[in-house]
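Here the structure comes first, spelled out in structure tokens, and everything after it is commentary.
Counting convention: from 1, in listed order, for ligands and their atoms alike. Keep in mind that this is a model prediction, so the values were computed, not measured.
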Amino acid sequence: MAEEKPAVAFILGGPGSGKGTQCQKLVNQYGLVHLSAGDLLREERASGSKDAELIESIIRDGKIVPSEITVKLLKNAMEKNGWAKSKFLIDGFPRSQDNLDGWNQIMGNLVNFKFVLFLDCSEDIMTQRIMKRAESSGRSDDNIESLKKRFRTYIESTKPIIDFYAKQNKIVTVNAEKSIDEVFEKIRPHFTDF
Ligand SMILES: Nc1ncnc2c1ncn2[C@@H]1O[C@H](COP(=O)(O)OP(=O)(O)OP(=O)(O)O)[C@@H](O)[C@H]1O
Ligand SMILES: Nc1ccn([C@@H]2O[C@H](COP(=O)(O)O)[C@@H](O)[C@H]2O)c(=O)n1
Ligand SMILES: [Mg+2]
């Protein structure tokens, strides 16, 4: 019998747009599985694996880790969560053409890709949120120097991916500048049949 494919939505937006926050609310409401590519990379870094130093230098520099590493981490995490039964929110991915190509090569035929949720937020608001989060996050990239680099990477590498999905009519854009609950109310209807 053919195995059922897991449903996947990608969650994109700039640093501090609220991807993790909104995914947590979707998990609470709909029991979806939230996988943050950034969290998986930070875990891999903390594990002291052979890729740990490379991951740290890339994260601190606001750049993007090669897809061979990130796609493997995502695939392993999906398998651990029960491949077919789960519905996945993949947060912060694909962040570049290399991410997208790596995903398509390994995962393209294995999942049921639904759409991209794009959290649209101004750089000013994202900066305020990240600098506030920096007081307690302990993240090595939550500082103004790394943040500027993350914004540059977002504009140069991630925005073209968002534009690509928009052209395919595969994107849901939500204004992410409102309160957490107001943003969630706009997102929620898109996941009732997910
Ligand atoms: N709508 C909102 N209004 C005000 N603060 C928010 C809102 N959404 C998220 N925040 C806060 O902003 C900070 C960043 O949110 P979050 O971690 O969800 O962003 P992110 O998109 O996952 O960022 P990153 O890409 O850096 O991981 C957090 O401290 C969070 O509590
Ligand atoms: N697909 C990805 C996702 C993340 N990274 C790196 O991790 C950093 C933090 O990501 P967050 O989503 O938690 O903000 C990000 O700035 C990248 O350096 C990546 O390389 N590839
Ligand atoms: Mg996040």
Suppose I only count heavy atoms of [X] and a 4.0 Å limit; which atoms of ligand 2 are within that range?
X     : answer
Val65 : 19 (C), 20 (O)
Lys63 : 17 (C), 18 (O), 20 (O)
Phe93 : 1 (N)
Ile64 : 20 (O), 21 (N)
Leu41 : 4 (C), 5 (N), 6 (C), 19 (C), 20 (O), 21 (N)
Gly92 : 1 (N), 2 (C), 3 (C)

Mode of [X] contact toward ligand 1 - side chain, backbone, both, neither (heavy atoms, under 4.0 Å):
X      : result
Lys178 : backbone
Arg139 : side chain
Asp142 : neither
Ser36  : neither

Mark the output for [X] as yes if a heavy-atom distance to ligand 1 is under 4.0 Å, and as no if none is.
X      : answer
Gly14  : yes
Ile130 : yes
Ser17  : yes
Gly92  : no

Any N/O pair Arg42/ligand 2 closer than 3.5 Å: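 So ligand 2 has an N or O lying under 3.5 Å from an N or O of Arg42.
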
Asn99 N/O to ligand 2 N/O under 3.5 Å: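 Between Asn99 and ligand 2 (N or O atoms, distance only) the closest approach is under 3.5 Å.
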
[atom1]/[X] to [atom2]/[Y] distance, rounded to the nearest 0.5 angstrom?
X      : Y      : atom1 : atom2 : value
Phe191 : Phe184 : CZ    : CZ    : 9.0 Å
Met126 : Ile130 : CE    : CD1   : 8.5 Å
Arg42  : Ser140 : CZ    : OG    : 8.5 Å
Glu177 : Ile125 : CD    : CD1   : 3.5 Å
Ile187 : Gln22  : CD1   : CD    : 4.0 Å
Lys159 : Leu12  : NZ    : CG    : 10.5 Å

Return the closest protein heavy atom for [atom] as residue, atom name and distance.
atom                    : value
atom 4 (C) of ligand 1  : Arg129 NE, 3.7 Å
atom 7 (C) of ligand 1  : Ile180 CG1, 3.4 Å
atom 7 (O) of ligand 2  : Ile59 CG1, 3.7 Å
atom 19 (O) of ligand 1 : Gly18 N, 3.3 Å
atom 28 (C) of ligand 1 : Arg133 CD, 4.0 Å
atom 20 (P) of ligand 1 : Lys19 N, 3.5 Å
atom 9 (C) of ligand 1  : Thr21 OG1, 3.4 Å
atom 22 (O) of ligand 1 : Gly20 N, 3.0 Å
atom 11 (P) of ligand 2 : Arg95 NH2, 3.3 Å

Would you mind reporting whether [Y] and [X] have side-chain heavy atoms less than 4.5 Å apart?
X      : Y      : result
Trp103 : Val8   : yes
Lys5   : Leu110 : no
Pro94  : Phe10  : yes

Under 3.5 Å between any N/O of [X] and any N/O of ligand 1: does that happen in this structure?
X      : value
Gly16  : yes
Arg150 : yes
Pro15  : no
Arg42  : no

Any chance the side chains of [X] and [Y] put a donor and an acceptor closer than 3.5 Å?
X      : Y      : result
Thr127 : Asp124 : no
Ser137 : Asp142 : yes
Gln105 : Asp101 : no

Heavy atoms of other groups near Gln29 CD, more than 12 under 6.0 Å: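 More than 12 heavy atoms, drawn from other residues, nucleotides or ligands, come within 6.0 Å of this atom.
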
Numbered atoms and elements of ligand 1 in range of Ser179, under 4.0 angstrom, heavy atoms: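 Answer, ordered by atom number: 1 (N).
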
Contact partition for Arg139 relative to ligand 2, non-hydrogen atoms under 4.0 Å: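 For Arg139, only side-chain atoms sit under 4.0 Å from ligand 2.
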
Which segment of Asp141 sits under 4.0 Å of ligand 2 when only heavy atoms are counted: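 Near ligand 2, Asp141 shows its side chain, while the N, CA, C and O stay back.
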
Check against side-chain hydrogen bond (donor to acceptor under 3.5 Å, both in side chains), Asn28 and Gln24: CA-CA 6 Å; Asn28 296 345; Gln24 190 52 54; 3.0 Å; yes

Plane angle bin for Tyr165 and Phe113 - parallel if under 30°, tilted between 30 and 60°, otherwise perpendicular: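 If you compare the ring of Phe113 with that of Tyr165, the planes turn out tilted.
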
same_hphob_cluster(Leu35, Val65) at 4.5 Å side-chain heavy-atom cutoff: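 As far as the 4.5 Å side-chain criterion goes, Val65 and Leu35 are connected within one cluster.
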
Asp120 vs Thr173, side-chain hydrogen bond (donor to acceptor under 3.5 Å, both in side chains): CA-CA, chis, key distance, verdict: CA-CA 7 Å; Asp120 194 10; Thr173 300; over 6 Å; no

Backbone N/O of Phe88 and side chain of Ser86: donor-acceptor pair under 3.5 Å: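 Side chain of Ser86 to backbone of Phe88: no pair is present.
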
